[in-house]
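If you're wondering where the values come from, they're calculated on a predicted model, not measured in any experiment. So you know, we letter chains A, B, ... as the sequences are listed, proteins then strands, and number each from 1.
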Amino acid sequence: MTMRLFRTFQRKLLFFFLGLYVIVQVVAYLAVTSASTRTARKHINDELSSGALVFEQVIQARIERFLLGTSIMSRDLGFKTAFGSGDRATLLAVMKNHLARIKADIMLVVSREGRVIADSIAPRSRPAAFSLPRLLAAARRSGSASGMASLHGSLYRLVAVPLEAPLPVAWVVAGFRINDTASQEFRTLTGLDVTFFVEDGGKPVVAASTLPGELQKALGATVRLEDLQLHGNHEFPLLGEQFLGLARDVSGDSGSHVTVLMQRSLDEALRPFRSLRNRLALLFTAGLLFVIAGGMLISSRITRPIRRLADGAHSIEQGDYTCVLPVDPSQDEVGRLSNAFNLMREAIKNREDQILRIATYDALTGLVNRSHLYHRMESAIAAACGSARTLALIIMNIERFNEVVATLGHAAGKAILKDMAPLLRAAAPSTALIARFGGDLFAVLLAEGAGEQDAVRVVRDIQNARSPFLGRKRPDPDRGAVRHHDLPLPRR
Amino acid sequence: MTGEKNRIQSLLIAGMVALLFLSACTAAIRTAVHDENGMPVRNAVIFATEVQAGAKNGAGIAGAARSTRLTNIEVSGRGINPKFLPVQVGTSVSFCNKNSVQHQIYSISPTKQFRLTVDKDTCSPGMAFERPGTIVMGSAIDDQMVAYIYVVDTPWFATTGEDGRASLEGLPQGTYDVRVWHPAMKRQPEAVTRRVISTASGEPGARFQLYLRSLPIPGPQPMQPSPPAPGGK
């Protein structure tokens, strides 16, 4: 298969160009992709770090303001008096009023012993131990405390300040609820998705998030407690999208485990790079088409003269020497090769002509030789048999040739033999084949249909012809004996 | 000045006791109060209640000992004077404002709750304290003002001086439960009782050792919000 694919030079060239192009492009693509992913990841990590910083500063500023508000509110004489009255309804009414003043969502008054005296969310509940004793302990230590914790199943940003009349008589705990809507504010500030987790039975539970419902659910199912305890950035997939996240403990003094996970989608950050990638892919495709077209063109231009050379060689093999290759005037390698091929074809043709001449003609007289005569006779006899016509063969020698040679020498013999050719040509009809049979023997093959009379006439003409060499003496007709034989022709 | 006033009070009490129990022989109980480190405790209120025949420990005495006196408390500068005031049940207290601003003195203590507006340079009408117990007072316009009134159900009480000593004078002979109160003490006064039998001849003594906590300083504290620590705790 591979061998067949790469059989031609043109294909080899094409595949080489194509392969080179694809390799270069793939390497470039991989480099761009890896660099852009790395850049996006670094960008997100920077964003996460600065987002966490902004988040912490915003939270701290909010807490301070909230603490101040709550502290001022706790010093309200009406509040103190309501507390002193011991009437829960009065106290709750004042608390409700104060909640509206500081725009908080929950307020509790907790006794110094840590029992809830009044709870704005659950006004009718029986006094019970406050669920965040560590918040109160921290407030006892440093005058006030803050942190995030879950109360009545919702997440709150809480502060605890003492209720002083004028000495501390109870704790006032106030809080802002953090739900999905409240979380959006952090998203606006940090540009990151923010999810709050509350630990419940050793598992993190999503308390509030800026993520849309599906992602939120998926995140809740994915994230483990260990992930949130990691201080560095970590990467996790959600619904087929890759996210980078940074977790921070935000429980503060509350003693519970509240963690915020700030996250950003890697795919989203990669989106600008993706359009670049698409453009690269387009460029790659266009380039590929160009390389295929150009490669085919160039390779065919390179290989066309080579193919012509191959065709020419093939025709020479067939014995056809007529094909002449066009010679490129540019004199490039292939042009020179074509030129050489033409010269070679010429030389081969000449040599073959020469060989043919040697094989067919007698070198001395220029007449056809015996082997050629036999060859012609065979075909002439076969033709004569087919048409049932006669043919004639005259065989002759030069009388007393040996004596001439003996007396006048070989040179004279040669001259006599050489002289025979024009003599015979003049005497024989033009259709006859004249051959030197060997030594001083000559033969004349008369064409089809020649009969005895024709043969005798030709013999007489030959006998009567004057040899230039023997010109001084007229040959004696009597000395030449003419015998003729009727040869039985093989029947078909 | 407070010490002087206390002395005047003591004299007055002594005089009163002398009037009431002229025929009987009187006695005195000397007391000393120290903290757990042996340092004298000042401003502790010592009070003695007579243990009557048949009555159980600390039952107190009959209503005959009710006071009808009037005592002044001054509001001046950034303080209320005296800061620690023991009074007998029934005593009326008048608040005199020496400041140039109006004051609102309040208490939300279960013993007695009130809100008094005292105009500048005036004295409020006397307010009677009918129940024994502690009253912590503050000012609505100054968070750092704090003062205590301790209402006792006995005519025999005194405040310790710099040396942590106080003596209860002019007690009739009999058996007394002597107790001490201080705003910073960790236990209730009932838990620290000394039973004393006073006779004409001797001057029995009672020593108290108090476990004190530091008194909370009222008013805005320097705020130390603990922000969510980066990277958890």
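Shown here is A/Lys96, whose NZ atom has no more than 12 heavy atoms of other residues, nucleotides or ligands within 6.0 Å. Counting non-hydrogen atoms of other residues, nucleotides and ligands closer than 6.0 Å to CZ of B/Arg165 gives a total of 12 or fewer.
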Quick one: do B/Ile108 and A/Phe83 satisfy side-chain contact (heavy atoms from CB on, under 4.5 Å)? Show the steps, please. CA-CA 8 Å; B/Ile108 61 159; A/Phe83 175 78; 3.7 Å; yes

Yes or no on side-chain contact (heavy atoms from CB on, under 4.5 Å) for B/Gln104 and A/Leu77, after CA distance, side-chain angles and deciding distance? CA-CA 10 Å; B/Gln104 277 193 47; A/Leu77 189 56; 3.3 Å; yes

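Sorted by first and then second residue, the pairs that involve residues 175-187 of chain A and meet salt bridge (Lys or Arg N to Asp or Glu O under 4.0 Å), not counting sequence neighbours, are A/Arg62-A/Glu185, A/Arg187-A/Asp193.
Between A/Pro166 and B/Asp143, every side-chain heavy-atom pair lies at or beyond the 4.5 Å cut-off.
Taking all atoms of both residues into account, the shortest heavy-atom contact from A/Lys80 to B/Tyr106 is NZ-OH, 3.0 Å.
Of residues 111-120 of chain B, those residues with a non-hydrogen atom less than 4.5 Å from any non-hydrogen atom of chain A are, in numerical order, B/Gln113, B/Arg115.
There is no contact between A/Val258 and chain B, counting heavy-atom distances below 4.5 Å.
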